[in-house]
Amino acid sequence: MSKTIIVTGGGTGGHLSVARSFIDEFYKRGYRIIYIGSLKGQDRQWFENEPKLYKKYFFDTRGVVDQNLLGKFKSLYKILKAVVDSIGVIVKYKVSKIVSVGGFSAAAASFAAILTRKDFYIHEQNSVMGKLNKLTAKGAKEVFSSYDESSKVKDYPINQIFFEHTRIRESVKTVIFLGGSQGADAINKFALKVATALDKMNINIIHQTGKNSFKDIKEQYAELGIKADVFDFSKEILSKMDKADFAVSRAGASTLWELTALGIPTLYVPFPYAAADHQYYNAKYLIDNGLCFLKREDELTQEYLIEAINSDIGSISKMLSESIQKNGIEKIVDMIELPT
């Protein structure tokens with residue numbers, strides 16, 4: 001019988017892009033891959049029609065944080081039910097290893113892995129560990145993190161295709177604004193504020209708006225007479241990023257390391273309400289090494305952006321491309337495959 005493994009977790013694009021890297025690598029190695037996620041968030045959008053998956057389960061679960069007391073009880077009940085269902089999947093398909101990429105949708109399969117005493121592995125994307133990963137880390141055989149000095153593999157598990165598009169940006173001809181799949185109001189407003197100045201510098205604009213703001217922002221660019229490449233969500237995000245020489249972006253870990261692998265100098269604008277301010281600390285890790293630009297939302301200015309664009313882009317781009325190894329996912333999976 002083929003080797004069978006569970007990959008679990010998601011909710012947001014950051015978690016899901018890491019899940020995709022694991023799925024691609026395990027698939028290359030001949031595994032039957034079962035994905036366990038949630039009906040909430042973006043899990044189904046990413047993986048419902050993924051041909052590399054042997055089975056996929058999307059349970060009716062949601063996060064516990066930021067809910068009232070009744071909401072917390074309802075969420076916990078749904079997670080408990082999904083834990084029982086996950087145990088059933090583990091037993092039915094004789095799964096011996098479970099890999100979690102975090103996020104609330106990883107809760108059910110993570111607890112099921114611990115309860116059934118299967119080999120359980122965690123990849124923590126951020127500089128500050130998420131609450132679920134903190135809770136389940138003691139039950140994990142290994143916890144992998146690019147920010148933890150004790151991690152046996154520190155290279156971020158980026159899909160190999162990003163490294164195939166690495167190039168040194170010598171000057172800025174195109175700027176991409178990335179607010180994440182849900183968009184970012186502060187970045188959207190800033191992009192429109194600086195659009196005319198960028199246009200006068202003959203700099204092209206690519207702008208990910210998020211679904212809710214797409215129509216309005218597209219119309220505003222038209223009113224400004226600027227032909228920007230405006231989109232809300234795209235599974236072809238790599239092709240958009242690849243055209244850019246500079247980015248203005250949130251600092252979610254996956255996007256941060258993808259931009260790093262591509263060699264794109266970036267002005268990071270952390271989401272101010274991220275748990276434990278982890279987006280700020282994700283970017284601080286880079287800025288401490290002279291590898292990015294960083295401003296809080298209320299610190300953003302056109303002058304700072306122009307100054308960053310006119311800096312030594314070529315040197316920063318080269319240092320970025322040299323700061324991450326392309327075989328991170330292979331190293332992690334090699335360790336997961338070690339005999340127990």
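All heavy atoms count here, side chains included; hydrogens, waters and symmetry mates do not.
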Contact between Leu238 and Ile161 at the side-chain level, heavy atoms closer than 4.5 Å - yes or no? yes
Test side chain to side chain donor-acceptor pair (under 3.5 Å) on Arg32 and Thr4 and set out the steps. CA-CA 5 Å; Arg32 296 194 312 183; Thr4 305; 3.0 Å; yes
Ignoring hydrogens and angles, tell me if any N or O in the side chain of Thr61 forms a donor-acceptor pair with the backbone of Ile79 under 3.5 Å. no
Run the side-chain contact (heavy atoms from CB on, under 4.5 Å) test on Leu39 and Arg44 for me, step by step, so that the C-alpha distance in whole Å, both residues' side-chain angles and the decisive distance to 0.1 Å come before the verdict. CA-CA 7 Å; Leu39 291 172; Arg44 290 179 72 182; 3.5 Å; yes
Answer with yes or no after comparing the ring centroid distance for Tyr147 and His278 against a 6.0 Å cut-off, counting only values under it. no
Does Ile313 reach the side chain of Lys318, with side-chain heavy atoms less than 4.5 Å apart? no
Relative to each other, are the rings of Tyr273 and Phe271 parallel, tilted or perpendicular (30° and 60° limits)? perpendicular
Is the closest side-chain donor-acceptor distance between Asn133 and Glu124 under 3.5 Å? yes
Tell me the closest heavy-atom pair linking Ala109 and Ser86, and the distance in Å. N-OG, 3.7 Å
Thinking salt bridges, do Lys152 and Glu142 make one under a 4.0 Å N-O criterion? yes
Go through it in stages, so that I can follow the logic: the residues are Val248 and Leu178, the test is side-chain contact (heavy atoms from CB on, under 4.5 Å), and I'd like the CA-CA distance, side-chain angles, deciding distance and then a yes or no. CA-CA 6 Å; Val248 179; Leu178 296 166; over 6 Å; no
Can you confirm whether Leu53 sits close enough to Ile23 that some side-chain heavy atom of one is under 4.5 Å from a side-chain heavy atom of the other? yes
Are the charged groups of Lys211 and Asp232 less than 4.0 angstrom apart, N to O? no
Decide, yes or no, whether a salt bridge links Glu330 with Arg29 under the criterion of side-chain N to carboxylate O below 4.0 Å. no
Derivation of the side-chain contact (heavy atoms from CB on, under 4.5 Å) call for Phe246 and Leu267: CA-CA 8 Å; Phe246 191 92; Leu267 165 55; 4.0 Å; yes
Path from Ile36 to Val84 over hydrophobic side-chain contacts below 4.5 Å: no
Any salt bridge between Glu337 and Lys97, counting N to O under 4.0 Å? no
Show, in sequence, the C-alpha distance, side-chain angles and deciding distance for Tyr268 and Asn282, and conclude whether the side chain to side chain donor-acceptor pair (under 3.5 Å) test is met. CA-CA 10 Å; Tyr268 288 105; Asn282 288 351; over 6 Å; no
Kindly say whether Pro270 contributes a backbone atom to a donor-acceptor pair with the side chain of Gln279 at under 3.5 angstrom? no
So NZ of Lys55 and CD1 of Ile33: to nearest 0.5 Å the spacing works out to 14.0 Å
Ile98 vs Tyr121, side-chain contact (heavy atoms from CB on, under 4.5 Å): CA-CA, chis, key distance, verdict: CA-CA 6 Å; Ile98 293 92; Tyr121 303 85; over 6 Å; no
I would like to know whether Asp245 and Lys173 meet salt bridge (Lys or Arg N to Asp or Glu O under 4.0 Å); could you show each step before the answer? CA-CA 6 Å; Asp245 307 298; Lys173 297 177 182 178; over 6 Å; no
Would Lys240 pass as a cation-pi partner of Phe231, given that its NZ or CZ must be under 6.0 Å from the six-membered ring centre and within 45 degrees of the axis? yes
To the nearest 0.5 Å, what is the distance between OG1 (Thr209) and NZ (Lys215)? 13.0 Å
Tyr31 ring centre to Lys3 NZ or CZ under 6.0 Å, with the angle to the axis within 45°? yes
Between Ser105 and Ser38, is there a side-chain donor-acceptor contact under 3.5 Å, judged purely by atom types and distance? no
Counting C-beta onward and ignoring hydrogens, is there a side-chain heavy-atom pair between Asn289 and Met319 closer than 4.5 Å? no
Could you tell me if Tyr281 and Asn126 have a donor-acceptor pair between their side chains, going purely by distance under 3.5 Å? no
Side chain Ser311, main chain Ala308, donor-acceptor under 3.5 Å: yes
Would you mind reporting whether Phe144 and Ile122 have side-chain heavy atoms less than 4.5 Å apart? no
In terms of side-chain heavy atoms, does Asp312 have a donor or acceptor partner in Ser315 at a distance below 3.5 Å? yes
Using the side chain to side chain donor-acceptor pair (under 3.5 Å) rule, take Asn159 and Asp24 through it: C-alpha gap first, then chi angles, then the decisive distance, then the call. CA-CA 8 Å; Asn159 194 299; Asp24 288 347; 2.7 Å; yes
Who pairs with Tyr54 by ring-ring contact (aromatic ring centres under 6.0 Å, His included), at least two apart in sequence or on another chain? Tyr93
Nearest heavy-atom neighbours spanning Gly102 and Ser100: N-OG, 3.1 Å
Determine whether Ser254 and Tyr156 satisfy the following criterion, side chain to side chain donor-acceptor pair (under 3.5 Å), listing intermediate values before the conclusion. CA-CA 8 Å; Ser254 287; Tyr156 201 87; 2.8 Å; yes
May I ask you to decide if Val269's main-chain N or O and Arg250's side chain share a donor-acceptor pair within less than 3.5 Å? yes
In one Ile/Leu/Val/Met/Phe/Trp/Tyr side-chain cluster, 4.5 Å: Leu320, Tyr285: yes
Taking His15 for the side chain and Val101 for the main chain, is one N or O donor matched with an acceptor at less than 3.5 Å? yes
Pairwise ring pair (Phe, Tyr, Trp, His ring centres under 6.0 Å) hits with a residue in residues 188-214, at least two apart: Phe177-His207, His207-Tyr221
CZ of Phe73: more than 12 outside heavy atoms within 6.0 angstrom? no
Heavy-atom check, side chain of Ile206 versus side chain of Val175, under 4.5 Å: no
When you measure from the side chain of Thr255 to the backbone of Gly252, do you find a donor-acceptor pair of N or O atoms at a distance under 3.5 Å? no
Assigning hydrophobic clusters by single linkage (Ile, Leu, Val, Met, Phe, Trp, Tyr; side-chain heavy-atom cutoff under 4.5 Å), is Tyr77 placed with Leu135? no
Can you get from Ile168 to Phe163 by hopping between Ile, Leu, Val, Met, Phe, Trp and Tyr side chains that sit under 4.5 Å apart? no
Nearest non-hydrogen partners of Pro272 and Glu297, listed with the distance: CD-OE2, 3.3 Å
Using a 4.5 Å cut-off on heavy atoms from C-beta on, say whether the side chain of Glu164 contacts that of Lys326. no
In terms of hydrophobic clustering (I, L, V, M, F, W, Y; side-chain heavy atoms under 4.5 Å; direct or indirect links), are Val172 and Leu294 co-clustered? yes
Ser151 side chain to Asp148 backbone, donor-acceptor under 3.5 Å: no
Give a yes or no on whether the backbone of Lys52 and the side-chain of Glu50 come within a donor-acceptor separation of less than 3.5 Å. yes
Side-chain donor/acceptor of Arg117 to backbone N/O of Leu115, under 3.5 Å: no
Taking the side chain from Ser110 and the backbone from Ala106, do they hold a donor-acceptor pair closer than 3.5 Å? yes
Taking side chain to side chain contact (heavy atoms under 4.5 Å, CB included) as the definition, give me every residue that meets it alongside Arg296, ordered by chain and number, with sequence neighbours left out. Asp277, Tyr280, Asp298, Glu299
Does any non-hydrogen side-chain atom of Leu192 lie less than 4.5 Å from one of Ile217? yes
